> 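First the structure, which I've put down as structure tokens, then a few questions once you've had a look.
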Amino acid sequence: LNLNIVLPIAIITPIITLLFTPVLGIPWSDSLSSGVKHSGTALWLGFLSCIPHKEERFATVVFPMACYAAAFSIMGLRKVLYLFCMRTNRQFTAAHRPLVHAIMVLFSTISILRLSAIIGHYGAPMQAWKAANQLATNVTVTSGDQVNICVGKEWYRLPSSFYIPPGARLGFVYSGFKGQLPQDF
């Protein structure tokens, strides 16, 4: 989930909408309607938090709503900043740029940190398959025999057949799984 700062902003959008209504001069009926529209993100994530089996794919329906709600909140903050600058006789552009730069730097920093953490902490299977590919390639080149690459009972963890070199085949260990396996075991 690469929504890092967008998701918390999206969750509090209904509250921000109701707080900024008097400042922006929006009629309460429009504000209430907008708050209800943007509460879908918080409600869906609240529902997902209550169910025992959670997967990110169940939250994908909320991603567009979250992005829209966060953009709505940031635009509301921008309007409040604009009105504040107009009332205090400050230049809006000078006050606006640091806000935009701060949001962009924060979003970029968190995204880069998350990406490097994913590569560092979840890259071991890819490194193991790369090493298995090199090992199997060396054995088939020198001996000419077919090489069996056994993954044990965790056949579903094979990322792709591209990691298996020509002359090698994938094998499994029989386990308690009663379904059909993709190849011999």
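Everything numeric in this text was worked out from a predicted model, so none of it was measured.
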> Same hydrophobic cluster for I11 and W44, using side-chain heavy-atom links shorter than 4.5 Å among ILVMFWY?
yes

> Which pair of non-hydrogen atoms, one from I9 and one from A70, has the smallest distance, and what is that distance?
CG2-CA, 3.8 Å

> Among residues at least two apart in sequence or on other chains, which ones pass side-chain contact (heavy atoms from CB on, under 4.5 Å) with F58?
L48, H53, E55

> Linking I/L/V/M/F/W/Y whenever their side-chain heavy atoms sit closer than 4.5 Å, directly or via other members, would F47 and V61 fall into one cluster?
yes

> If Ile, Leu, Val, Met, Phe, Trp and Tyr residues are connected whenever their side-chain heavy atoms lie under 4.5 Å apart, and connections chain through other members, are I51 and L43 in the same group?
no

> Is there a side-chain contact between F72 and T17 (heavy atoms, below 4.5 Å)?
yes

> To the nearest 0.5 Å, what is the distance between CG on L106 and NE2 on H101?
14.0 Å

> Which value, rounded to the nearest 0.5 Å, describes the distance between T109 atom OG1 and R114 atom CZ?
15.0 Å

> In Å, rounded to the nearest 0.5 Å, how long is the span from CD1 of I16 to OG of S73?
4.0 Å

> Treating Ile, Leu, Val, Met, Phe, Trp and Tyr as nodes and any side-chain heavy-atom pair under 4.5 angstrom as an edge, say whether L7 and Y68 lie in one connected cluster.
no

> Contact between R78 and M75 at the side-chain level, heavy atoms closer than 4.5 Å - yes or no?
yes

> Applying side-chain contact (heavy atoms from CB on, under 4.5 Å), name anything that partners I103, two or more places apart in sequence or on another chain.
I5, I74, L99

> At what distance, to the nearest 0.5 angstrom, does OG of S39 lie from CD1 of I15?
10.5 Å

> Run the side-chain contact (heavy atoms from CB on, under 4.5 Å) check on T13 and T41 step by step: do they pass?
CA-CA 9 Å; T13 297; T41 304; over 6 Å; no

